[in-house]
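Heads up: the structure comes next, in structure tokens.
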2 protein chains.
Amino acid sequence: MNALGRHILAELYGCNSAILNDVAKVESVMVDAALEAGAEVREAVFHKFSPQGVSGVVVISESHLAIHTWPELSYAAVDVFTCGDRVDPWDACRCLAEKMQAAEYEATEFQRGNRNRLLAEKVS
Amino acid sequence: MNALGRHILAELYGCNSAILNDVAKVESVMVDAALEAGAEVREAVFHKFSPQGVSGVVVISESHLAIHTWPELSYAAVDVFTCGDRVDPWDACRCLAEKMQAAEYEATEFQRGNRNRLLAEKVS
């Protein structure tokens, strides 16, 4: 891998709306996904919005996982950013999709900080 | 806009390394960028890593701003996610680049939750 980080943006469709609207459950699913991918959890902050929806982030030593939910549409926007080679962001992503009971999801991985890694390799 | 959210991934190059390694300064820059874009700040969590680097997230009512810094490369990976039409993520992004004293930056906007918005419009 030539990048400093891997960043997955995932669209989770057809999720369980009750889970998406339950801030404690969303937090627990997010922390579990981080742990299942082997990440070290540093901090988690979650908010329940009125009348519905949850936003939250898990800061991990390897970067972060973030989620924003639209229970009324059974939809969640997720992103998983990891640096280093130890944690695979796809493990967290698949875990999240499963635990949110997504009927389907679309996810794309972006490499972050490519240019700097190349520069760093050149000067080292 | 047909999406539920707008998500900018930005690569900030040639930043001020002293700022990138100062957790209090990074937090203040991130919160300022959120406020300058007109967002409502809910919570902020930041971590300083050893020997260097800062990770942090500002949760806003409109979604989030996240940053991960590599002071040794003068590089920061930023993402700004906003939902609704009131806050323009580019305002936060440009503000961040300026306050980090980035020599240059590359940023790309992704629309999030497009399909659901279309479905929601169809059934309403």
Side-chain angles (χ1 to χ4, degrees), chain A residues 3-15 40 42-50 53-70 72-79 81-83 104-106 108 110-121 123-124, chain B residues 3-15 40 42-50 53-70 72-79 81-83 104-106 108 110-121 123-124:
Chain A
L4 293 171
R6 306 167 68 188
H7 200 167
I8 295 176
L9 306 191
E11 319 287 332
L12 274 50
Y13 300 112
C15 298
E40 185 190 21
R42 292 281 180 156
E43 206 146 357
V45 288
F46 283 80
H47 273 285
K48 170 84 166 66
F49 291 99
S50 179
V54 169
S55 276
V57 181
V58 180
V59 177
I60 56 178
S61 295
E62 300 80 6
S63 292
H64 77 259
L65 295 80
I67 189 167
H68 305 286
T69 77
W70 279 259
E72 70 278 25
L73 298 173
S74 307
Y75 165 74
V78 166
D79 70 277
F81 189 145
T82 63
C83 57
E104 50 180 321
Y105 70 96
E106 295 166 4
T108 309
F110 300 91
Q111 295 203 338
R112 305 295 307 268
N114 259 355
R115 195 166 60 167
N116 280 294
R117 171 55 65 96
L118 296 174
L119 286 172
E121 285 175 352
V123 299
S124 65
Chain B
L4 293 171
R6 306 167 67 188
H7 201 167
I8 295 176
L9 305 191
E11 319 288 331
L12 273 51
Y13 301 111
C15 298
E40 185 189 23
R42 293 280 181 157
E43 208 147 354
V45 289
F46 283 80
H47 273 286
K48 169 84 168 64
F49 291 99
S50 178
V54 169
S55 277
V57 181
V58 179
V59 177
I60 55 177
S61 294
E62 300 80 5
S63 292
H64 77 258
L65 293 80
I67 190 166
H68 306 285
T69 77
W70 279 258
E72 71 278 25
L73 297 173
S74 307
Y75 165 75
V78 165
D79 71 277
F81 189 146
T82 62
C83 57
E104 50 180 320
Y105 70 96
E106 294 167 5
T108 310
F110 300 91
Q111 295 203 337
R112 305 295 307 268
N114 259 354
R115 195 165 63 164
N116 279 292
R117 171 53 66 94
L118 295 174
L119 286 172
E121 285 175 350
V123 299
S124 63

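Lettering follows sequence order; numbering is per chain, from 1.
Interface remark: I67(B) contributes no atoms to any contact with chain A (heavy atom separation under 4.5 Å). Proximity to chain B (any heavy atom under 4.5 Å) is restricted, for V78(A), to the backbone atoms N, CA, C and O. Looking at E106(A), only its side chain comes within 4.5 Å of chain B, counting heavy atoms on both sides. Interface residue H64(B): backbone and side-chain heavy atoms are both found under 4.5 Å from chain A. Using a 4.5 Å cut-off between heavy atoms, T108(A) makes no contact with chain B at all.
Ring centroids of H7(A) and F110(A) are separated by 6.0 Å or more, keeping the two rings apart.
Side-chain N or O atoms of E62(A) include one that pairs as donor or acceptor with a backbone N or O of E40(A) at under 3.5 Å. The closest donor-acceptor contact from the side chain of R42(A) to the backbone of V45(B) lies at 3.5 Å or more, if one exists at all. A donor-acceptor contact shorter than 3.5 Å is absent between the side chain of S55(A) and the backbone of H47(A).
For the residue pair Y75(A) / E11(A), a side-chain donor-acceptor distance below 3.5 Å is found, with atom types taken as modelled.
Counting heavy-atom pairs closer than 4.5 Å to chain A, the top-ranked of the candidates V57(B), I60(B), V59(B) is V57(B).
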